[in-house]
Amino acid sequence: MVVFGAAGDLTKRLVAPALYNLVRGGKLPEGFALIGIDRNDETTEAWCGNLTNMIQAFARAGGGERQALDEKAWSWLIDRMHYMPGDFTQAETYGRLEKLLSEQSGRQGGTAHVLFYLAVADRFFWSGDRAARPRRAHPPVR
């Protein structure tokens with residue numbers, strides 16, 4: 001899974017808690033990986049640390065009551081996370097992403113499927129599409 005806007009509020013408050021709850025429920029495959037992309041120049045460790053602080057505040061277990069962080073579930077997810085600084089409106093970001101995805105696919109025996117999630121303001125939706133367009137290997141789906 002690739003999340004654009006990985007350091008933003010939507011990722012911290014909704015995406016990360018949802019993924020955490022999927023891990024707790026045993027719903028993510030063993031080969032799951034998360035690549036976060038954002039314009040912030042930070043490391044994977046810093047990004048994971050920021051998300052850990054937020055998940056402790058926002059993750060909810062069944063019944064909607066706040067619970068202590070399930071360290072085993074969160075560690076499972078953290079171990080599969082990678083942060084890549086980049087601007088999704090710039091074509092060079094996609095070249096670096098292509099390399100990361102290729103490496104991930106190799107670790108999974110060449111069977112990786114990728115989900116792209118735009119956790120960005122709606123004003124950016126078409127900007128990312130224009131930047132990615134030159135790299136498409138197939139015509140757009142209509």
Side-chain angles (χ1 to χ4, degrees), residues 1-129 131-133 135-142:
M1 178 176 184
V2 176
V3 176
F4 293 97
D9 189 57
L10 181 60
T11 298
K12 292 174 184 174
R13 292 189 318 122
L14 298 176
V15 177
L19 291 173
Y20 166 75
N21 283 326
L22 287 171
V23 172
R24 290 191 67 203
K27 302 296 183 185
L28 291 179
E30 188 60 36
F32 179 82
L34 178 63
I35 297 173
I37 300 175
D38 205 291
R39 295 179 298 177
N40 296 346
D41 189 24
E42 63 184 358
T43 65
T44 297
E45 293 75 22
W47 178 56
C48 290
N50 289 333
L51 289 177
T52 298
N53 292 337
M54 292 302 292
I55 201 75
Q56 290 172 333
F58 290 108
R60 294 183 184 269
E65 294 184 22
R66 292 186 187 268
Q67 307 239 340
L69 182 67
D70 179 339
E71 295 288 341
K72 183 177 178 184
W74 186 243
S75 291
W76 186 95
L77 188 57
I78 289 286
D79 289 344
R80 289 157 174 78
M81 294 169 67
H82 180 82
Y83 181 83
M84 186 185 94
D87 183 340
F88 76 94
T89 66
Q90 303 298 313
E92 61 268 8
T93 298
Y94 295 91
R96 293 191 348 256
L97 176 59
E98 184 176 36
K99 182 179 178 198
L100 275 175
L101 290 173
S102 178
E103 292 168 2
Q104 182 61 37
S105 179
R107 285 190 289 273
Q108 295 178 337
T111 61
H113 299 279
V114 182
L115 169 71
F116 295 93
Y117 190 95
L118 295 175
V120 298
D122 61 353
R123 71 179 185 268
F124 293 116
F125 282 11
W126 295 110
S127 297
D129 180 60
R133 195 169 292 149
R135 301 198 68 81
R136 286 189 181 146
H138 55 82
V141 177
R142 304 240 184 243

Report yes if some heavy atom in the side chain of [X] is under 4.5 Å from a heavy atom in the side chain of [Y]; otherwise report no.
X     : Y      : value
Arg24 : Tyr20  : yes
Phe32 : Leu77  : yes
Met84 : Thr93  : yes
Lys12 : Leu51  : yes
Leu34 : Tyr117 : no

Inter-residue atom distance [X].[atom1] - [Y].[atom2], 0.5 Å rounding:
X      : Y     : atom1 : atom2 : answer
Leu97  : Ile37 : CG    : CD1   : 4.5 Å
Leu115 : Met1  : CG    : CE    : 5.0 Å
Asp87  : Glu92 : CG    : CD    : 8.0 Å
Met81  : Glu45 : CE    : CD    : 11.0 Å

| request: Please say which of Leu101, Leu100, Leu118 ends up in a side chain to side chain contact (heavy atoms under 4.5 Å, CB included) with Val2. | output: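 It is Leu101; the other options fail the test.
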| query | Around atom CZ of Arg80, are there more than 12 heavy atoms of other residues, nucleotides or ligands at under 6.0 Å? | reply |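 Atom CZ in Arg80 is crowded, with more than 12 foreign heavy atoms closer than 6.0 Å.
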Tell me whether [X] contacts the main-chain N or O of [Y] through its side chain, where contact means a donor paired with an acceptor under 3.5 Å.
X     : Y     : result
Tyr83 : Asn40 : yes
Thr52 : Cys48 : yes
Trp47 : Ala6  : yes

| At their closest point, which heavy atom of Ala119 faces which heavy atom of Leu10, and how far apart are they? |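 Closest approach of Ala119 to Leu10, heavy atoms only: CA-CD2, 3.5 Å.
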| message | Assess the residue pair Glu42 and Asn50 against the criterion (side-chain contact (heavy atoms from CB on, under 4.5 Å)); give the C-alpha distance rounded to whole Å, side-chain angles, the decisive distance to 0.1 Å, and a yes or no. | response | CA-CA 11 Å; Glu42 63 184 358; Asn50 289 333; 3.4 Å; yes
| task | Kindly assign one of parallel, tilted or perpendicular to the pair Phe116 and Phe4, based on the angle between their ring planes and the thresholds 30° and 60°. | result |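 Geometry flag for Phe4 against Phe116: parallel rings.
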